[in-house]
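Notes follow the structure.
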Protein chains: 2
Amino acid sequence: MVELEAPQLDAVFHALGDATRRRMLRDLAKSERTVGQLAEPFAMSLAAASKHVKALENAGLIRREVRGRAHICRLAPGPLASAHEWLNFYARFWTDRLDALEGLLLTEDTLRSDACKGDDS
Amino acid sequence: MVELEAPQLDAVFHALGDATRRRMLRDLAKSERTVGQLAEPFAMSLAAASKHVKALENAGLIRREVRGRAHICRLAPGPLASAHEWLNFYARFWTDRLDALEGLLLTEDTLRSDACKGDDS
DNA sequence: TTCTAATTCAACCATAGGGTTGAATATATC
DNA sequence: GATATATTCAACCCTATGGTTGAATTAGAA
């Protein structure tokens, strides 16, 4: 589980903040897709869709393999895992399982050391 | 666990895509804060910080109680849980636990019904 | 070579985002 | 009532974002 730097988290969450790109990720969860295939469901130009693909790529959410004239995209789950992990920090706020209390007590120290680190993004 | 509509997910992920706002959430995880207290760590005007707070509020990530002249903000974990849940869909891509196979087989149906629903954002 | 297909690039446009400053609005306090 | 405090509002600025179109690039196919 790679811990992402703040700028990377920016890019990941920003990429996820658009329904078009989330839909592309869903499609990539089924199998690999070319840029054209990813663009197909949308009523927008290919150039526009291509920009969305690039945004996903910049965030590290997909990898691209150029095979001939087609660009084949695959899901790269690492940054998704990191985002998931980031959100996991707040799980104690919506989880009321009994062992959440343990987590609460443990994170008290985490919070203090995070405060010392300065940048906990 | 409330399932968020696509526009709400947009707002939530967009709100999380900014280090300033993520830092505010971290502070709110420690305890409630006024707008002024949330703004304090940042080298920006109060008006600017106030806009960030409003972005968090619009995303449903915080609740605000106006007590006298102070606005007291508290973490509202619901949307965080939904975002976490959304990411959880992709967990099978980074999890190689054996029971992930079961999840894989289960989500095959999910994918198919999602395709019929049209908007699975 | 020529034609077609897959994708990006470049220029442009409109709107949203994040910042500023100064004035406005409430609410405590003197 | 007068003043100080906490916050927002409004107007403005600059840059980023998401879209368009038309040309450029690159690689199969005829």
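The model shown is predicted, which means the values in this text are computed figures rather than measured ones. Letters A, B, ... mirror the listed sequences (proteins, then strands); counts begin at 1.
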So is Arg26(B) actually on top of Phe89(A)'s ring, under 6.0 Å and inside 45° of the axis?
yes
Rounded to whole Å, please give me the gap between CG in Asn58(A) and C1' in dA16(D).
14 Å
Please determine, for the side chain of Arg21(B), which listed nucleotide (dG19(D), dG18(C), dG18(D)) has the closest atom?
dG18(C)
Do Leu80(A) and Phe93(B) have side-chain heavy atoms sitting under 4.5 Å apart?
no
Could you give the CG-to-P distance, from Asp10(A) to dT17(D), as a whole number of Å?
10 Å
Rounding to an integer number of Å, can you tell me how far Arg33(A) CZ sits from dT7(C) C1'?
18 Å
Side chain to side chain donor-acceptor pair (under 3.5 Å) evaluation trace for His14(A) with His14(B):
CA-CA 6 Å; His14(A) 174 255; His14(B) 173 255; over 6 Å; no
Spacing of Met44(B) atom CE relative to dT20(C) atom C1', expressed in whole Å
12 Å
Ignoring the backbone of Ala47(A), work out which of dG18(C), dG22(D), dT8(D) is nearest its side chain.
dG22(D)
Rounded interatomic separation in angstrom, taking CZ from Arg64(B) and P from dA26(C):
15 Å
Between P on dA16(D) and CG on Asp18(A), what's the gap in Å once rounded to a whole number?
18 Å
What's the closest nucleotide to the side chain of Ser50(B) if the choices are dT7(C), dT8(D), dG17(C)?
dT8(D)
From the set dA4(D), dA27(D), dT7(D), return the single nucleotide nearest to any side-chain atom of Arg69(B).
dA4(D)
Between Ser45(A) and dT20(D), is there a contact of a side-chain N or O with OP1 or OP2 at under 4.0 Å?
yes
Consider the side chain of Leu46(B), meaning its heavy atoms from C-beta on, and name the nucleotide among dT20(C), dT7(D), dG18(C) that approaches it most closely.
dT7(D)
Indicate whether OP1 or OP2 belonging to dT7(C) is found under 4.0 Å from a side-chain N or O atom of Lys51(A).
no
Regarding Thr34(B), tell me which of base, sugar-phosphate or nothing describes its non-hydrogen contacts under 4.0 Å with the strands shown.
sugar-phosphate
Side chain of His71(B), heavy atoms from C-beta onward: which of dA5(C), dT8(D), dT21(D) has the nearest atom to it?
dT8(D)
Heavy atoms only, 4.0 Å cut-off, all strands: where does Ala48(A) land among base, sugar-phosphate and nothing?
base
On the 0 to 90° scale, with breaks at 30° and 60°, tag the Phe13(B)-Trp86(B) ring pair as parallel, tilted or perpendicular.
perpendicular
Roughly how many Å is it from NZ in Lys54(B) to P in dC9(D), rounded to a whole number?
4 Å
For atom CD1 of Ile72(A) and atom P of dA27(D), their distance in whole Å
14 Å
Is the shortest side-chain heavy-atom distance between Met44(B) and His52(B) below 4.5 Å?
yes
Considering only dT8(D), dG17(C), dG19(D), which nucleotide approaches the side chain of His14(B) most closely?
dG17(C)
When all nucleic acid strands are considered with a 4.0 Å heavy-atom cut-off, which category describes Arg67(A): base, sugar-phosphate, or nothing?
nothing
